[in-house]
Protein chains: 2
Amino acid sequence: METTSAPEQTILTADDLLKVWQGHRRLTRKTIDAFPEDKLFSFSLGGMRPFSEMAWEFIRMAVPIAHGVATGKWEEQKEPKPTTKAELLKVWDEQTSKLNEEFARIPPHRFTEIDKAFGQWEAPGWVTIQYGIDNEIHHRGQGYVYLRALGIEPPPFWERD
Amino acid sequence: METTSAPEQTILTADDLLKVWQGHRRLTRKTIDAFPEDKLFSFSLGGMRPFSEMAWEFIRMAVPIAHGVATGKWEEQKEPKPTTKAELLKVWDEQTSKLNEEFARIPPHRFTEIDKAFGQWEAPGWVTIQYGIDNEIHHRGQGYVYLRALGIEPPPFWERD
């Protein structure tokens, strides 16, 4: 007879979580880059936001969430919103290394400790991080619809390199 | 000085992973239900699939993935594709309890063991499961664009109950 699953079995370590996150961020970067400059800032469907606004939301969430989980201080992104694709990608790449740095500062107990993210969302640290990742997957999927509607092939979903 | 993060710190247990998955499946169920019957099976944007086809893909992935990780047997969903919203939701609800059952059968070592899912995708069990969840989030986000384009408010993304 096989041993069945232990509910407390470790599935994901802190290191895995960061790798999953950065893998998704690499795919999102390719998605931003797949848009023609003007469409990135203007095209939308169903009265929704252009993809540049969604990407800016991801930037406003990623490092501030890692910083908040690390320190208990929930601070908004202060940098001005990029107005060109090149600027947006430059900020994106800066955030990649900042995210690694902030994530490495998270004390182990903060992943499970409940905190009120940005004064609003009460959850354990890892749930807030997971929410940020899921939010990025969700809206990036919407960016794929924009790209398809523009006749552009989106990057393969399974590529995270 | 604060203790910093240990890369091997447990973030997610098997029990957490199943809870996250079922939470997303509850939101997807609400998304299916938000579509008018005819639009669920016919409406699309950018030459993409109607949302019923995406939902059917989620069904064809969830229990078969859990079964594959549990047993090493990668079997396609054999049930016929639903042709009405009521049928689709009925199959969805049946899969909810089947997923709990299959997931509970996963032996601990299978979460990390590398296997070739459906003879194609080589990855540890947890990565294949995570891929199934992420794929559902991604395409459900596309369903949100369809709903918005139809003038229908999608269910709140943060609600998982």
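All values below were derived from every heavy atom in this structure, side-chain atoms included, with hydrogens, water molecules and symmetry-related copies excluded.
Annotation: maximal heavy-atom pairing with chain A below 4.5 Å, among Val127(B), Thr10(B), Thr13(B), occurs at Thr13(B). Taking Asn135(B), Leu18(B), Leu17(B) one by one and counting their heavy-atom pairs under 4.5 Å with chain A, the maximum is reached by Asn135(B). Note on Asp15(B), Leu12(B), Ile129(B): by heavy-atom pairs under 4.5 Å with chain A, the leading option is Leu12(B). When each of Gln130(A), His24(A), Arg140(A), His139(A) is checked for heavy-atom pairs under 4.5 Å with chain B, His24(A) comes out on top. Options Asp134(B), Ile133(B), Leu45(B) differ in how many heavy-atom pairs under 4.5 Å they form with chain A, and the most are formed by Asp134(B).
In terms of the salt bridge (charged side-chain N to carboxylate O under 4.0 Å, His left out) criterion, Glu75(A) has no residue partners (sequence neighbours excluded).
In this structure, the portions of Trp158(A) lying under 4.5 Å from any heavy atom of chain B include both its backbone and its side chain. Only the side chain of Val20(A) comes within less than 4.5 Å of a heavy atom in chain B; its backbone stays farther off. For Ile137(B), the parts lying under 4.5 angstrom from a heavy atom of chain A are both the backbone and the side chain.
Applying the salt bridge (Lys or Arg N to Asp or Glu O under 4.0 Å) test to every pair with at least one member in residues 45-64 of chain B, sequence neighbours left out, gives these pairs: Arg49(B)-Glu57(B), Glu53(B)-Lys81(B).
Residues Met54(A) and Met48(A) form a side-chain contact, since some pair of their non-hydrogen atoms from C-beta on lies under 4.5 Å apart.
Relative orientation of the Tyr146(B) and Phe35(B) rings is perpendicular, given thresholds of 30° and 60° on the angle between their planes.
Atom CG of Leu27(A) is separated from atom OH of Tyr144(A) by 4.0 Å, given to the nearest 0.5 angstrom.
Open room surrounds CD on Glu76(A); 12 or fewer heavy atoms of other groups in view lie less than 6.0 Å from it.
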